[in-house]
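Data block below; observations after.
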Amino acid sequence: MEKHYLENLNDPQRHAVECTDGPVMIIAGAGSGKTRVLTYRVAHLIKKGVDPFSILALTFTNKAAREMKGRITGMSGDEARNLWMGTFHSVFARILRFEAHRIGYPSNFTIYDTDDSRSLMRAILKEHGLDDKTYKPASVLGRISSAKNNLLSWKSYQANDELVNDDRLTGRPMIGTLFEKYVSRCFRSGAMDFDDLLYNMYMLLKNHPDVLNKYQDKFRYVMVDEFQDTNHAQYLIVRKIGARFENVCVVGDDAQSIYSFRGANIRNILSFEKDYPDLKTFKLEQNYRSTKNIVGAANSVIANNRNQLRKEVWTSNGEGEKIRVIKSVSDNEEGSIVANSIFSEKMNGDLDYRDFAVLYRTNAQSRSLEEALRRLNVPYRIFGGLSFYARKEIKDLLAYFRLAVNPSDEEALRRVINYPARGIGKVSLDKLIVASDQTGKSLWEVIAGLAQETAGIATGTREKIRDFAAMIESFHVELKKKDAYELASHIASRTGIIREIYNDKTPEGVSQYENLQELLNGIKEFSENGLTDLPAPSGELEEEGLHTLDAFMQDIALLTDAESKDDGDTDKVSLMTVHMAKGLEFKQVFVTGLEENLFPSQLSLHSREELEEERRLFYVAMTRAERRLTITWTSSRYRWGKLIGCEPSRFLDEIAPGFLEAATPSGTVSPEETVWAQYPARPKGNGIAGQRRQKFTARKLTPVSKLQASGGNVSAGDFRADDPKEIVAGMDVEHQKFGQGKVVNIEGEFPDHKATVFFQGLGNKQLLLKYAKLKIVNRDR
DNA sequence: GGAGGCCTCGGAAGG
DNA sequence: CGAGGCCTCC
């Protein structure tokens, strides 16, 4: 560590770092060096001789934990490895596995992700004959989730008049019962959902004084990042763990609290002051990120919020450019203005594409922006979207791994009992579930101990079920004998998954196959090196020997980071929602869609609290910009296929005029005037009411990254089918999914004529020509 | 069992 | 409009 590392800090930052003992709250304004203070504080503790094993640092995302740990390692060296630094969920999962026996769970419990929870809830609804329109799984689970986050058990829920009344009033009196069923099904499956990791952690500490004692004693220093995002359960757990030494340091910014919709409770900041009377509060108010114009404009907006802590963010940076506000007449024009502006500023300036970000309130807005960027060949990357582990093929294989570790895992079992197809159909499965319900046994117990007389399942099917159970059992037995990679690849081939997907020669199939290979490669790397992020709860060293599959599976459900795979070309414009942009910074930022009912969202307009959260969201958006901020809005846009008129957002009026560029009238930065000229004809400007979208906007998009990933020759966007009447035997044709093939035969009469087409690698396919979209590649016979 | 049709719904999203 | 879930038909 550098000798005078404290000199890298300004006064409030340094005070916050040096004040290591006793309760501390750091209110960190946007761009004020929050991460720097957190990392320095931990490094400082280590420097002072505090054992890293006794420092607990909790974050919300894996990314934040990873980055911070990396930076601390940079300052303090290898010792940082022993820090307990991770997300709330991963740290608690680690502890819960260690103490699982206390609460009746196996230590290899499964962690259900949102899909698992949903599928379980759907199953429960069906079993109870409840209509999933009235009882929408996601909304029922939402009620359960917020109960758990407020530390309410199903019993307390059912005993709570207010909640029960609410449910009766909304016509869903069964939610309390569903809560109970859901919890017992999870328990029977040896599974916890994300909320259970918090709920059970709290109950573990509350009901087991010796356990509480152990962890209070162990964690002498506790730190919490993004404190404004904590929910009630997280808050109480932190308070409990920190109760012995009271060396609890929380860092946050009330002005950037944008997650109340998922349970974050901004009042925790106020409770914290009440709970710790000798609390020391530090305010980081100097912004190092942005120009005076940007900081001033953002301040003027957030000043409209009534609920906030007093704080004055300032900067010694230069004035910079004024904020641009640009009006357009359609979402398409908004897109071209943004794209055009990026294109020309990249040309004229010292900026790379990666210095630009385009932000929006809702994902649906990305379409017109993408189209515009693509037309100018501006490379971009969309953040968010499907994580690697959320892909179907990955989840299928992981389901087998989950079963190998914990055969009681009902969701995994249901997912793969007939995938790849092995003749155990829906009817048999329903019978098994009925048997499970009647006996109170888990689905696995029913299957594993399948009695001769079980509820009228045919002998042949029973045989198949037995084979399946024996296969899972054999995987289970191998867990400790083989290393993760050996077992994983054995499972992949023994179950037939690999073969199934290898035989699928469609572009999708090929990409699925590559993804499975990537997963297996990751496991191989784990087998060789291990990858545990957190030290073992007891503090002793990791056991020597094999890196087994169950060890690999421990944290995998918690790795939900959206894919951040670089295809080598990282110089791209970033497109993302404002929520995703929190914590990031860019030299130039475009905030789009500043219209009433969009930003602020119309769903936020009925309460002051929600409107203030929207305003904080806009504040977050503005403060992402370092040098230049551009805000756009349009007077009409397509929403759900319909063209609607839009009014400018009230937030625009809240920006103090002194920070704004003189008004830019609509069309001043007209695309036609500049680079547009070089590109294919585009209908003249006024996209106002009535005008249909042009063909290029109606086309389906294939993201640039995907094109590259698949070798550049998949162009779903350009696929145009030919008239089926023209197709005759002998032609070469192309199918959107199956690729190129040769028409072997045509039978039947138009419009019911059917073609037999031979596709390379796929064999003959029967295609009804009135449905199958075929493009003629070669008319020669 | 799988593909395609029909219906519904529509805010943001970490673990 | 487009995605996702369920249902139906072959």
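Hydrogens, waters and symmetry mates play no part in the numbers below; they use all other heavy atoms, side chains included. Chain naming here is simple, since letters A, B, ... match the order of the sequence lines and numbering starts at 1 in each.
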- Message: Which residues in residues 608-616 of chain A have a heavy atom closer than 4.0 Å to any atom of DNA chain B?
- Response: A/Glu610, A/Glu614
- Query: For the pair made of CG in A/Asn332 and C1' in C/dC1, what is the distance, rounded to whole Å?
  - Reply: 14 Å
- Compare side-chain N and O positions of A/Ser604 against OP1 and OP2 of B/dG11 and report whether any pair is under 4.0 Å apart. no
- Query: Between the side chains of A/Asn268 and A/Thr230, does any donor sit under 3.5 Å from an acceptor?
  - Reply: yes
- Task: Please report, rounded to the nearest Å, how far the C1' atom of B/dG15 is from the CG atom of A/Asp116.
- Result: 13 Å
- Query: Is the phosphate of B/dG15, meaning OP1 or OP2, less than 4.0 Å from a side-chain N or O of A/Asn62?
  - Reply: yes
- Task: Calculate the interatomic distance between A/Phe194 atom CZ and B/dG15 atom P; express it in whole Å.
- Result: 8 Å
- Anything under 30° is parallel, anything over 60° is perpendicular, the rest tilted; go ahead and classify A/Phe651 against A/Phe618. parallel
- Query: Do we see a donor-acceptor contact under 3.5 Å between the side chains of A/Ser119 and A/Asp116?
  - Reply: no
- Regarding the side chain of A/Arg361, the nearest nucleotide among B/dA12, B/dG15, B/dT8 is B/dA12
- Message: Without decimals, in angstroms, what is the distance between A/Asp229 CG and B/dA13 C1'?
- Response: 11 Å
- Task: Starting from the 5' end of DNA chain B, give me the residue, A/Leu603 or A/Asn418, whose nearest nucleotide shows up first.
- Result: A/Asn418
- Item | C/dG2 OP1/OP2 closer than 4.0 Å to side-chain N/O of A/Arg367 | yes
- Testing B/dG11, B/dG10, B/dG15 for proximity to the side chain of A/Trp640, the answer is B/dG10
- Query: Have A/Thr634 and A/Asp331 got a donor and an acceptor in their side chains that come within less than 3.5 Å?
  - Reply: no
- Message: Please report the distance, rounded to the nearest Å, between CZ in A/Phe618 and P in B/dA12.
- Response: 18 Å
- Item | Interatomic distance where OH belongs to A/Tyr638 and P belongs to C/dG2 [whole Å] | 12 Å
- Message: For the P atoms, the ones on C/dG4 and on B/dA13, what distance do you get once it is rounded to whole angstrom?
- Response: 15 Å
- Query: Does the side chain of A/Asn332 come under 3.5 Å of the side chain of A/Ser368 through a donor N or O and an acceptor N or O?
  - Reply: no
- Message: Checking side-chain hydrogen bond (donor to acceptor under 3.5 Å, both in side chains) between A/Glu613 and each of A/Ser260, A/Ser601, A/Ser257, which is the one that passes?
- Response: A/Ser260
- Is any side-chain heavy atom of A/Thr592 less than 4.5 Å from a side-chain heavy atom of A/Val358? yes
- Would a distance-only check, ignoring hydrogens and angles, find a side-chain to backbone donor-acceptor pair under 3.5 Å from A/Ser330 to A/Glu333? yes
- Message: What is the distance, to the nearest angstrom, from the CZ atom on A/Phe92 to the C1' atom on B/dG14?
- Response: 14 Å
- Message: Would A/Phe261 count as stacking on B/dA12 if stacking means ring centres less than 5.5 angstrom apart and planes tilted under 30 degrees?
- Response: yes
- Task: Look at A/Asn363 and C/dA3 and indicate whether a side-chain polar atom (N or O) is within less than 4.0 Å of OP1 or OP2.
- Result: no
- Item | Protein proximity profile, nucleotides 4-10 of chain C - base contact B, sugar-phosphate-only contact S, no contact -, cut-off 4.0 Å on heavy atoms | --S----
- Message: So A/Leu151 and A/Leu198, do their side chains get closer than 4.5 Å, heavy atoms only?
- Response: no
- Task: Using atom NZ of A/Lys136 as one end and atom P of B/dC7 as the other, report the distance to the nearest whole Å.
- Result: 18 Å
- Which residue lies toward the 5' end of DNA chain B, A/His579 or A/Arg422, if each is placed at its nearest nucleotide? A/Arg422
- Message: Against A/His579, only a single residue in A/Phe383, A/Phe261, A/Phe599 fulfils ring-ring contact (aromatic ring centres under 6.0 Å, His included); can you say which?
- Response: A/Phe261
